[in-house]
Amino acid sequence: MDEKKLTPKAENYSEWYNQLVQRAEMADYAPVRGCMVVRPYGWSLWENIQAALDSRFKATGHVNAAFPLFIPMSFLEKEKEHVEGFSPELAVVTIGGGSELEEPLIVRPTSETIIGYMYSKWIQSYRDLPVLINQWGNVVRWEMRTRLFLRTLEFYWQEGHTAHATAEEAEAETLQMLDIYTDFARNEAAVPVIPGRKSESEKFAGAVRSYTIEAMMGDKKALQAGTSHNLGQNFAKAFDIQYLDETNTLQHCWTTSWGLSTRFIGAIIMTHGDDQGLVLPPRLAPIQVVIVPIFRKDEEKDLVMAAVERVKGELSAFRVKVDDRMEVTPGFKFNEWELRGVPLRLEIGPKDVANNSVALARRDIPGREGKSFVPQDGIADTVAAMLTTIQANMLEKATQFRDANIHEPQDYEAFKQVIAEDGWCYVWWKANAENEAQIKEDTKATLRCIPIDQPGGKGRCIFSGEETTEKAYFAKAY
RNA sequence: CGGGGUGUAGCGCAGACGGCCAGCGCGCCGCGUUUGGGACGCGGAGGUCGGCGGUUCAAGUCCGCCCACCCCGACCA
């Protein structure tokens, strides 16, 4: 880690990722296998993600609450598919306060069960519906293989849990939340995700239907960046979540759940990062603008710092950091803030003081091309416009990269070739779990999603040749 | 859980056949000179060599067992 340069992406992508996460001080390995410490810089990014999502949740009528970390083992067992899906990865507490527990507690891997239990107590009438609750918290899943942010034993997320009177309402809620995730990913994180439906074999354990937003990382692997599930009446029946309708008939509720986790930080890193380091989207970046003062002598310092303070004052609408450390050179600071992905850097030196200018360097365009000199007058407007431009450019670049790597092979041989070269395949697909498994065995690619946006018309399934009306994306995934 | 790899200073590493005060680079601390793309000089601090046991006059070094972590596969947000 003492080498100045990161391992280039092209040389070893996962090495690049691991070094970057640690050197940018996003996260570090904890003393427990598979666990991470989210460092202040990484957590600050997460807080901005939280704020962007939370405001969208609130705007659509959701409220926050907190449910317990521990769940009675028996709760999980009430929903057959759910317990089968999660049993292998549970952390179980058998001793508390020094003595064996009568019933083991699991550390929540997700909270459908305990929230379902509570909903059955709270919901009695159609007048109580819908219930629209979200929780910000942490969960534990005992994974075999872990990566910082992408898959850790413990991770942070939000999980929304709603209960509705009708199937239609539940489906509408599920899709609404998928839309919110899609909007967040594109417009806040500049991550061009593809919203779609999961196949039967890829869906959440206990769901009727699962939806996902799929993103393409810099190595072209797919990442499930958020999910929204229509749980039908599965959990309502398992936990007796019932209400009396207008005609005094007892009905089971229809429930949903949806989540987005700190994995999304990994998505941001791997969507935008380059060989210099992180590239953070302006709307989420913990620091949007870093100001680096440059001077030699004391009299220069006074003049420069006065200009720096004045400019900083103008930029009060932004998240600004003045790097006034004396012990490192400006060149070192440039590299360091580029590693940390700050979208915009301002340099102010004696020449700028003389010219009433500042040097602007945008992170999304490395090197001299991304550098320009602008007047100090009107700097707030200049910065605002530049941040907007950077945000838009990042989405544009990521979208171009994604689209350039999505292919439409016409037969299975061509399909295999695309996957072998790590591309994504967008193909006609006739749902069939066995064929899907065969493709996975042949190519290691999985069905990422059946996109919401469908071209219409009919075609022949890439694998079976049967006529079908839907297209799907296949790719290797994280 | 299968395969591979690594544990020596905060980080990255070197330590042929066992041998005396365990080294190097980066980082860190002090002083001085520097500062528009990863500065330099001088002087410092910092080590149960992953753990336990064994062989030996003598063990980072040889042997055994254990532990941890990383990478690659099967499962997952």
Side-chain angles (χ1 to χ4, degrees), chain A residues 1-6 12-15 17-19 22-23 28-35 84-90 109-110 138-159 181 198 201-205 210 212-215 222-229 257-267 276-277 292-298 300-301 304 323-339 345-353 355 357-359 361 366-368 370-371 373 440-441 444 446 477-478:
Chain A
M1 292 277 280
D2 65 328
E3 284 163 29
K4 285 177 180 170
K5 292 209 184 308
L6 282 172
N12 184 340
Y13 197 80
S14 57
E15 188 60 28
Y17 178 83
N18 288 338
Q19 285 182 8
Q22 291 176 82
R23 286 168 62 161
D28 202 353
Y29 292 104
V32 178
R33 179 196 78 86
C35 291
E84 282 172 6
F86 283 104
S87 284
E89 49 188 75
L90 293 180
T110 179
N138 55 339
V139 288
V140 168
R141 299 179 186 178
W142 214 265
E143 301 290 351
M144 289 302 171
R145 215 179 128 211
T146 57
R147 301 279 310 274
L148 293 172
F149 289 120
L150 300 177
R151 185 174 301 105
T152 46
L153 297 199
E154 179 188 20
F155 60 88
Y156 302 86
W157 74 342
Q158 57 69 216
E159 47 178 324
Y181 288 151
K198 281 290 184 190
S201 43
E202 294 275 334
K203 74 178 190 199
F204 177 76
S210 284
T212 174
I213 49 172
E214 293 288 321
L223 184 77
Q224 179 172 311
T227 47
S228 185
H229 313 291
S257 68
W258 25 276
L260 186 146
S261 75
T262 38
R263 166 182 270 192
F264 203 92
I265 292 176
Q276 296 301 311
V292 178
I294 295 154
F295 49 81
R296 294 165 206 255
K297 309 173 193 107
D298 277 353
E300 280 181 354
K301 178 182 176 182
V304 165
D323 188 352
D324 56 3
R325 287 177 295 174
M326 295 299 289
E327 64 272 20
V328 289
T329 60
F332 181 91
K333 294 176 184 177
F334 298 166
N335 283 286
E336 185 167 277
W337 293 113
E338 280 167 12
L339 175 72
R345 181 178 73 241
L346 269 55
E347 303 164 22
I348 301 179
K351 291 179 208 162
D352 298 299
V353 171
N355 300 334
S357 66
V358 302
R368 201 162 292 156
K371 215 157 163 174
F373 292 85
K440 185 173 182 183
E441 201 182 311
K444 293 196 173 106
T446 49
Y478 274 97

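Residue numbers start from 1 in every chain, and the chains themselves are labelled A, B, ... in the order their sequence lines are given, proteins ahead of strands. These figures come from a predicted structure and were not determined experimentally.
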Would you please confirm or rule out a distance under 4.0 Å between OP1 or OP2 of [N] and any side-chain N or O of [X]?
| X | N | value |
| --- | --- | --- |
| Lys5(A) | C26(B) | no |
| Arg141(A) | A77(B) | no |
| Asn12(A) | C71(B) | no |
| Thr329(A) | A39(B) | yes |

### Message
Working to the nearest 0.5 angstrom, can you tell me the gap between Asp324(A) CG and Lys333(A) NZ?
### Response
6.5 Å
### Query
If you measure from CG on Leu339(A) to NZ on Lys5(A), what distance do you get to the nearest 0.5 Å?
11.0 Å
Determine the interatomic distance between [atom1] on [N] and the same-named atom on [M]; round to the nearest Å.
| N | M | atom1 | value |
| --- | --- | --- | --- |
| G51(B) | C67(B) | C1' | 7 Å |
| C1(B) | G38(B) | P | 50 Å |
| C63(B) | G25(B) | P | 31 Å |
| C69(B) | C31(B) | P | 41 Å |
| U61(B) | A16(B) | C1' | 11 Å |

Mate of [N] where both pairing distances stay under 3.5 Å, Watson-Crick or G-U:
| N | result |
| --- | --- |
| G25(B) | C11(B) |
| G53(B) | C63(B) |
| G36(B) | none |
| G2(B) | C72(B) |
| A45(B) | none |

### Query
Since syn is defined as within 90° of 0, does G25(B) count as syn or as anti?
anti
### Task
From the options U35(B), C71(B), G37(B), select the nucleotide whose nearest atom is closest to the side chain of Phe334(A).
G37(B)
### Task
Look at the aromatic rings of Tyr181(A) and Trp258(A) and report parallel, tilted or perpendicular, splitting at 30° and 60°.
perpendicular
### Message
Applying the 5.5 Å / 30° rule, does Phe332(A) stack onto the base of G37(B)?
### Response
no
### Message
Among Arg325(A), Arg23(A), Arg345(A), which residue satisfies the salt bridge (Lys or Arg N to Asp or Glu O under 4.0 Å) criterion with Glu336(A)?
### Response
Arg325(A)
### Message
Considering every strand and a 4.0 Å limit on heavy-atom distances, what is the contact class for Lys440(A): base, sugar-phosphate, or nothing?
### Response
sugar-phosphate
Look at the side chain of [X] and the base of [N], then say whether one donor and one acceptor between them are separated by less than 3.5 Å.
| X | N | value |
| --- | --- | --- |
| Glu336(A) | G38(B) | no |
| Lys444(A) | G73(B) | no |
| Arg345(A) | G37(B) | yes |

### Query
For Lys333(A) and Pro330(A), take the nucleotide of RNA chain B holding the closest heavy atom to each; which residue's nucleotide lies nearer the 5' end?
Pro330(A)
### Summary
5'-most contact on RNA chain B (nearest-nucleotide basis), Tyr29(A) vs Lys297(A), goes to Lys297(A)
### Task
Flag the pair Glu154(A) and Arg141(A) as a salt bridge only when some basic side-chain nitrogen lies within less than 4.0 angstrom of an acidic carboxylate oxygen.
no
### Task
For residues Tyr17(A) and Tyr478(A), establish whether the separation of their ring centroids is below 6.0 Å.
no
